[in-house]
Amino acid sequence: MPAVDFEDYRPMLLGLAYRLLGSMWDAEDVVQEAWLRWQGTDRGQIREPRAFLVTVVSRLALDQLRSARVKREAYTGPWLPEPVTTAEAGPLDTAELRDTVSYATLHMMEKLSPPERAVFVLREAFELPYDQIAEIVGSSVANARQMHRRASVRLAEGRDRFQPSAEDHAKLLAKFMEAAAGGDLGALTDLFHEDVVAWNDGGGKVRAALRPIVGRHKVLAFLEGLLSRYDFTEARVVDVNGGPAVWTRVGDGNQLVVVDIRDGLVRGIYTVLNPDKLERVRPPL
């Protein structure tokens, strides 16, 4: 088969690797390695190219995820996934593909073991049969089913059963931006879930909170301090990980803010300040 066949699969494979790793830089490395293996394989022996490539990419990503977890545990402050523009996230033809690339879901998947994450993504987003998933992760079919069930339960605890529409999400984000820009703490209070959590990822390169900030009152106090200390300019809405996010200038740096909505209120605030993670979501000039 000519090399162009691999390019037909590349967007899907990047989307798979990104869901498994939470980093598009790492996903691109994995897919490039898969291409090299594809080039060195007798393709006359490959009956199902898609299944072959999904298996190769999944196993490469699993190996990388295991080593990445050690680095993330030593990361300065909370580690957040690298955001990407929705156009870069690969095909989003189904609700499952869109949900598993959402920023909040990617963040929650960090709680799973590498095999659990692989099983969840391969089953939920790519609808692979359990026997193929079991072969990829090196387990029995029964164990693959159990890992999927366990991962689904853990992720369901942090997700809203009824996801807001894109329009409702955008409206709530606009209210959040307006209230924050005006320093209207009363309006922010009305928008926040009682158990709201704010994560800030500076990666040791930009000053940021080193621990998650938990609870409405603490998050409000934290935002009040930021708004009194820094100038936030050039706020723009960008399409990131299948939903709207806010790009802003903060002093001499930039940040991206993604909000997670639960029960119609802001339940999670993810702020990425690490410049290494902002290259792919920089809005056009």
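Keep in mind it's a predicted model, so treat the numbers as computed, not measured.
For the pair Ile136/Leu128, a side-chain contact is recorded, criterion being any heavy-atom separation below 4.5 Å from C-beta on. Considering only heavy atoms from C-beta on, Met108 stays 4.5 Å or farther from Ser102 through its side chain. Considering only heavy atoms from C-beta on, Gln45 stays 4.5 Å or farther from Phe52 through its side chain. Side-chain contact between Gln39 and Phe6 is absent, with no heavy-atom pair separated by less than 4.5 Å. Looking only at side-chain heavy atoms (C-beta outward), Pro11 and Tyr9 stay at 4.5 Å or farther from each other. In this structure, the side chains of Leu172 and Val259 stay at 4.5 Å or more apart for every pair of heavy atoms. Phe120 is listed as a side-chain neighbour of Leu155, based on a closest heavy-atom distance under 4.5 Å. Looking only at side-chain heavy atoms (C-beta outward), Glu124 and Asp99 stay at 4.5 Å or farther from each other.
Within the structure, no pair that satisfies the salt bridge (Lys or Arg N to Asp or Glu O under 4.0 Å) test touches residues 220-232, not counting sequence neighbours. Among pairs with a residue in residues 209-239, none fulfils ring-ring contact (aromatic ring centres under 6.0 Å, His included), at least two apart in sequence or across chains.
Here the closest heavy-atom approach between residue Tyr18 and residue Met24 is recorded as CD1-N, 3.6 Å. In plain terms, the two heavy atoms of Asp239 and Pro244 that are nearest each other are OD1-N, 4.4 Å. Of all heavy-atom pairs spanning Met177 and Ala235, the tightest one is CE-CB, 4.1 Å.
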**OP:** Show your working on side chain to side chain contact (heavy atoms under 4.5 Å, CB included) between Leu16 and Val31 and close with a plain yes or no.
**Re:** CA-CA 10 Å; Leu16 167 60; Val31 172; over 6 Å; no

Original post:
Given the rule in the salt bridge (Lys or Arg N to Asp or Glu O under 4.0 Å) test, do Glu7 and Arg10 qualify, once you have shown the distances and angles that lead to the verdict?
Top reply: CA-CA 5 Å; Glu7 297 308 315; Arg10 187 180 289 272; 2.8 Å; yes

**OP:** Might you work through the side-chain hydrogen bond (donor to acceptor under 3.5 Å, both in side chains) test for Ser140 and Asn143, ending with a clear yes or no?
**Re:** CA-CA 5 Å; Ser140 67; Asn143 195 33; 5.1 Å; no

**OP:** Could you walk me through whether Thr85 and Arg280 pass side chain to side chain contact (heavy atoms under 4.5 Å, CB included), step by step?
**Re:** CA-CA 7 Å; Thr85 61; Arg280 297 175 186 277; 5.7 Å; no

Original post:
Taking it one step at a time, do Leu20 and Val57 satisfy side chain to side chain contact (heavy atoms under 4.5 Å, CB included)?
Top reply: CA-CA 10 Å; Leu20 292 176; Val57 166; 5.6 Å; no

**OP:** Given side chain to side chain contact (heavy atoms under 4.5 Å, CB included), test Leu53 with Met12 step by step and report yes or no.
**Re:** CA-CA 10 Å; Leu53 291 170; Met12 180 271 293; 5.8 Å; no

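Atom CG of Asp252 has 12 or fewer neighbouring heavy atoms from other residues, nucleotides or ligands inside a 6.0 Å radius. Counting non-hydrogen atoms of neighbouring residues, nucleotides and ligands closer than 6.0 angstrom, the CD atom of Glu33 exceeds 12 such neighbours.
Asn254 CG to Glu234 CD: the interatomic distance, rounded to the nearest 0.5 Å, is 8.0 Å. Atom-to-atom distance recorded for Asn241:CG and Glu82:CD is 9.5 Å, nearest 0.5 angstrom. In this structure, the separation between CG on Leu223 and CZ on Phe176 is 6.0 Å, given to the nearest 0.5 Å. Distance check: Arg117 CZ to Met109 CE gives 4.5 Å after rounding to the nearest 0.5 Å. In this structure, CD in Gln32 is found 12.0 Å from CG in Leu13, a value given to the nearest 0.5 Å. Between the CD atom of Gln255 and the CG atom of Asn274 there is a distance of 12.5 Å, given to the nearest 0.5 Å.
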Indicate every side-chain donor-acceptor pair of residues 188-196 with a distance under 3.5 Å to a residue at least two apart or in another chain.
from	atom 1	to	atom 2	distance (Å)
Thr189	OG1	Leu185	O	2.8
His193	ND1	Asp195	N	3.1

Show every donor-acceptor pair shorter than 3.5 Å between a side-chain atom in residues 67-74 and any protein atom, with sequence neighbours excluded, or say none if there are none.
from	atom 1	to	atom 2	distance (Å)
Ser67	OG	Gln64	O	2.9
Arg69	NH1	Leu112	O	2.8
Arg72	NH1	Leu21	O	3.3
Arg72	NH1	Glu110	OE1	3.3
Arg72	NH1	Glu110	OE2	2.9
Arg72	NH2	Leu21	O	2.6

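Tyr270 belongs to a hydrophobic cluster whose other members, connected by ILVMFWY side-chain contacts under 4.5 Å either directly or through intermediates, are Leu80, Tyr103, Val197, Trp199, Val214, Val238, Val240, Trp247, Leu256, Val258, Val272, Leu278, Val281.
Looking only at distances, a side-chain donor or acceptor of Glu116 sits under 3.5 Å from a matching main-chain atom of Ser113. Judged by distance alone, the side chain of Arg19 and the main-chain N or O of Leu97 form a donor-acceptor pair under 3.5 Å. Not one N or O on the side chain of Ser58 forms a donor-acceptor pair closer than 3.5 Å with the backbone of Thr55. Within the 3.5 Å criterion, the main-chain N or O of Gly242 finds a donor-acceptor partner in the side chain of Thr86.
Geometric assessment of Arg123 against the ring of Tyr130 yields a positive cation-pi assignment under the 6.0 Å and 45° thresholds.
A salt bridge is defined here as a Lys NZ or Arg NE, NH1 or NH2 lying under 4.0 Å from an Asp or Glu carboxylate O, and Arg282 with Glu279 meets this definition.
For the salt bridge (Lys or Arg N to Asp or Glu O under 4.0 Å) test, residues two or more places apart in sequence or in another chain that qualify with Glu167 are Lys171.
Clustering ILVMFWY residues whenever any of their side-chain heavy atoms sit less than 4.5 angstrom apart, transitively, puts Leu273 in a cluster other than the one holding Trp25.
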